[in-house]
Amino acid sequence: VQTCALPIYNGWLFDQIKPFLGRKVLEVGSGTGNMTRFLLHSPVVVATDVSDSYVAELNNRFSHLPNVKIEKLDLEDSSRVDGLAAADRFDTLLSMNVLEHLQNDQLAIAHLHQLLGAGGRLILLVPAHPALFSAMDKNLGHYRRYTLEHICDTLRRAGFSVLESRYVNWLGAIGWWVNGKVLRRQMIPSRQLRLFDWLLWLLKVERVVSPPFGLSVLVVAEKTSRSEERRVGKECRSR
């Protein structure tokens with residue numbers, strides 16, 4: 001399920017991450033800005049993407065706002081990350097459906113750690129369950145899907161302490177399985193996307209009980225100091 005096609009779903013996702021947002025937010029992989037528009041209340045927002053066409057679209061939509069800056073950013077480009085980190089450090093990094101598109105996701109996570117200030121938070125959304133990987137993933141340019149345990153362990157090794165971790169969107173996972181694994185489609189029909197967007201009330205149960213599976217893994221992690229990294233041994237936990 002691509003967030004660009006689902007305005008109601010975008011709002012639902014934002015409700016999940018809103019409590020963790022700080023004052024200086026760097027969004028990685030902003031696309032055309034469908035999540036960026038929810039961040040505009042923050043005093044500083046830097047929206048980025050690797051695509052020139054998306055950067056142009058972001059400029060068209062948001063460059064007139066005094067608290068918004070648009071940058072081109074490739075998380076696998078160490079020199080570009082070094083330059084951005086030298087210019088500023090952020091208290092919040094938002095990366096939604098980005099890591100699965102990168103060949104070297106461990107390098108990307110190290111760069112996310114570099115861009116955060118001490119005690120800063122990373123809000124990360126990645127597709128869940130390798131067993132769901134299908135032609136739809138390949139069509140979207142995905143290299144992988146993640147388990148909750150794997151992504152949390154990778155973050156911990158990179159110097160993060162995991163604050164929250166859970167599967168989200170059980171309904172979307174069922175739809176992905178049916179379309180990708182049973183029907184072997186390469187994309188979800190647009191009519192299904194529209195139907196899904198209007199069935200989001202079924203996800204309200206996730207406010208009370210964290211589901212055992214979901215379309216995505218949502219993780220909130222904090223950058224620890226070097227001294228703290230040596231003693232952090234927390235296991236990932238679901239809320």
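Listed by chain and residue number, nothing satisfies the salt bridge (Lys or Arg N to Asp or Glu O under 4.0 Å) test with Lys181 (two or more places apart in sequence, or in another chain). Remark: Leu202 pairs with Trp170, Leu171, Leu199 by the side-chain contact (heavy atoms from CB on, under 4.5 Å) rule, at least two apart or across chains. In this structure Asp88 satisfies the side chain to side chain donor-acceptor pair (under 3.5 Å) test together with Lys24, sequence neighbours excluded. With sequence neighbours excluded, no residue satisfies salt bridge (Lys or Arg N to Asp or Glu O under 4.0 Å) with Arg194. The salt bridge (Lys or Arg N to Asp or Glu O under 4.0 Å) search around Arg80 returns Glu71, not counting sequence neighbours. The ring-ring contact (aromatic ring centres under 6.0 Å, His included) check on Tyr146 picks up His150, with sequence neighbours excluded. Asp91 is linked by a salt bridge (Lys or Arg N to Asp or Glu O under 4.0 Å) to nothing, counting only residues two or more places apart in sequence or in another chain. Partners of Trp12 by ring-ring contact (aromatic ring centres under 6.0 Å, His included), not counting sequence neighbours, listed by chain and number: Tyr9. Not counting sequence neighbours, the partners of Asp137 by the side chain to side chain donor-acceptor pair (under 3.5 Å) test are His142, Arg145, Trp176. Every residue two or more places apart in sequence or in another chain was checked for a side chain to side chain donor-acceptor pair (under 3.5 Å) with Asn104, and none qualifies. Applying the side chain to side chain donor-acceptor pair (under 3.5 Å) test to Asp82 and every residue at least two apart in sequence or in another chain returns Gln114.
Using modelled atom types, no side-chain atom of Thr36 and backbone atom of Ala47 make a donor-acceptor pair closer than 3.5 Å. With Lys223 contributing its side chain and Gly119 its backbone, the two residues share no donor-acceptor pair below 3.5 Å. In this structure a side-chain-to-backbone donor-acceptor pair under 3.5 Å is present from Arg144 to Leu99. With Arg37 contributing its side chain and Gly33 its backbone, the two residues share no donor-acceptor pair below 3.5 Å. In this structure a side-chain-to-backbone donor-acceptor pair under 3.5 Å is missing from Ser42 to Val44. Ser30 places a side-chain N or O within donor-acceptor distance of the main-chain N or O of Thr48, the cut-off being under 3.5 Å. Looking at Thr92, its side chain never comes within 3.5 Å of a backbone N or O of Val25 through a donor-acceptor pair. With hydrogens and angles ignored, the 3.5 Å screen pairs a side-chain donor or acceptor of Thr224 with a backbone N or O of Gly159. Between the side chain of Glu206 and the backbone N or O of Asn169 there is at least one donor-acceptor pair closer than 3.5 Å. Proximity of a side-chain donor or acceptor of Asn59 to a complementary backbone N or O of Val55 within less than 3.5 Å is detected.
A side-chain donor-acceptor contact under 3.5 Å links Ser78 and His111.
Taking the six-membered ring wherever Trp is involved, the centroid distance between the rings of His101 and Tyr143 does not fall below 6.0 Å.
Looking only at side-chain heavy atoms (C-beta outward), Gln192 and Asn179 come within less than 4.5 Å of each other. A heavy-atom distance below 4.5 Å is found between the side chains of Ile109 and Ile151. At least one side-chain heavy atom of Pro130 sits less than 4.5 Å from a side-chain heavy atom of Thr147. Leu215 has its side chain out of reach of Val168: every pair of non-hydrogen atoms, C-beta onward, lies at least 4.5 Å apart. In this structure the side chain of Leu107 never reaches within 4.5 angstrom of the side chain of Asp105, judged on heavy atoms. Taking 4.5 Å as the limit, every side-chain heavy atom of Leu125 sits out of range of all side-chain heavy atoms of Val219. At a threshold of 4.5 Å between non-hydrogen side-chain atoms, the residues Gln106 and Thr154 count as touching. No side-chain heavy atom of Val217 sits under 4.5 Å from any side-chain heavy atom of Leu124.
Across Gly31 and Asp49, no two heavy atoms sit closer than the pair N-OD2, 2.8 Å. Of all heavy-atom pairs between Arg61 and His64, the closest is O-CE1, 3.0 Å. In terms of heavy atoms, Asn67 sits closest to Leu40 at ND2-O, 3.0 Å. Nearest heavy-atom pair across Leu102 and Ala108 is CD1-CB, 3.6 Å. Closest of all the heavy-atom pairs between Met35 and Asn10 is SD-O, 3.7 Å. Between Leu112 and Phe160, the shortest heavy-atom distance links the atoms C-CZ, 4.2 Å.
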Steps toward side-chain contact (heavy atoms from CB on, under 4.5 Å) verdict (Arg166, Gln16): CA-CA 11 Å; Arg166 62 186 185 272; Gln16 313 305 305; 3.6 Å; yes
Just do the side-chain contact (heavy atoms from CB on, under 4.5 Å) check on Val45 and Leu65 with the steps written out, would you? CA-CA 10 Å; Val45 178; Leu65 299 172; over 6 Å; no
- prompt: How far apart are the C-alpha atoms of Asp52 and Lys72, what are their side-chain angles, what is the distance that settles it, and do they pass the side-chain contact (heavy atoms from CB on, under 4.5 Å) test?
  reply: CA-CA 7 Å; Asp52 288 329; Lys72 183 175 181 179; 2.9 Å; yes
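Separation of atoms CG (Leu13) and OG (Ser216) is listed at 7.0 Å; rounding is to 0.5 Å. Expressed to the nearest 0.5 Å, how far CZ of Arg185 lies from OG of Ser134 amounts to 11.5 Å. Atoms CD1 and CG, from Ile8 and Leu200 in turn, are 6.5 Å apart once rounded to the nearest 0.5 Å. Note that CG of Leu26 is 6.0 Å distant from CG of Leu84, once rounded to the nearest 0.5 Å. Interatomic distance, Leu140 CG to Met136 CE, rounded to the nearest 0.5 Å: 8.0 Å.
Both Phe213 and Leu218 are members of a single hydrophobic cluster when ILVMFWY side chains are connected at heavy-atom separations under 4.5 Å. Leu193 and Met187 fall into different hydrophobic clusters, where Ile, Leu, Val, Met, Phe, Trp and Tyr side chains are chained together by heavy-atom contacts under 4.5 Å. Tyr54 and Val46 fall into different hydrophobic clusters, defined by Ile, Leu, Val, Met, Phe, Trp and Tyr side-chain heavy atoms under 4.5 Å apart, directly or through other members. By the criterion of side-chain heavy atoms lying less than 4.5 angstrom apart, applied directly or through intervening Ile, Leu, Val, Met, Phe, Trp or Tyr residues, Ile188 is grouped together with Val182 in one hydrophobic cluster. By the criterion of side-chain heavy atoms lying less than 4.5 angstrom apart, applied directly or through intervening Ile, Leu, Val, Met, Phe, Trp or Tyr residues, Val50 is not grouped with Val28; the two fall into different hydrophobic clusters.
A salt bridge links Asp153 with Arg156: the distance from a Lys NZ or Arg NE/NH1/NH2 to an Asp or Glu carboxylate oxygen falls below 4.0 Å.
The environment of CZ in Arg23 is sparse: at most 12 heavy-atom neighbours from other residues, nucleotides or ligands sit within 6.0 Å.
Within the structure, the ring-ring contact (aromatic ring centres under 6.0 Å, His included) test picks out the following pairs touching residues 23-45 (sequence neighbours left out): Phe14-Phe38.
For the side chain to side chain contact (heavy atoms under 4.5 Å, CB included) criterion with Phe20, the lone passing option out of Val220, Leu122, Leu163 is Val220.
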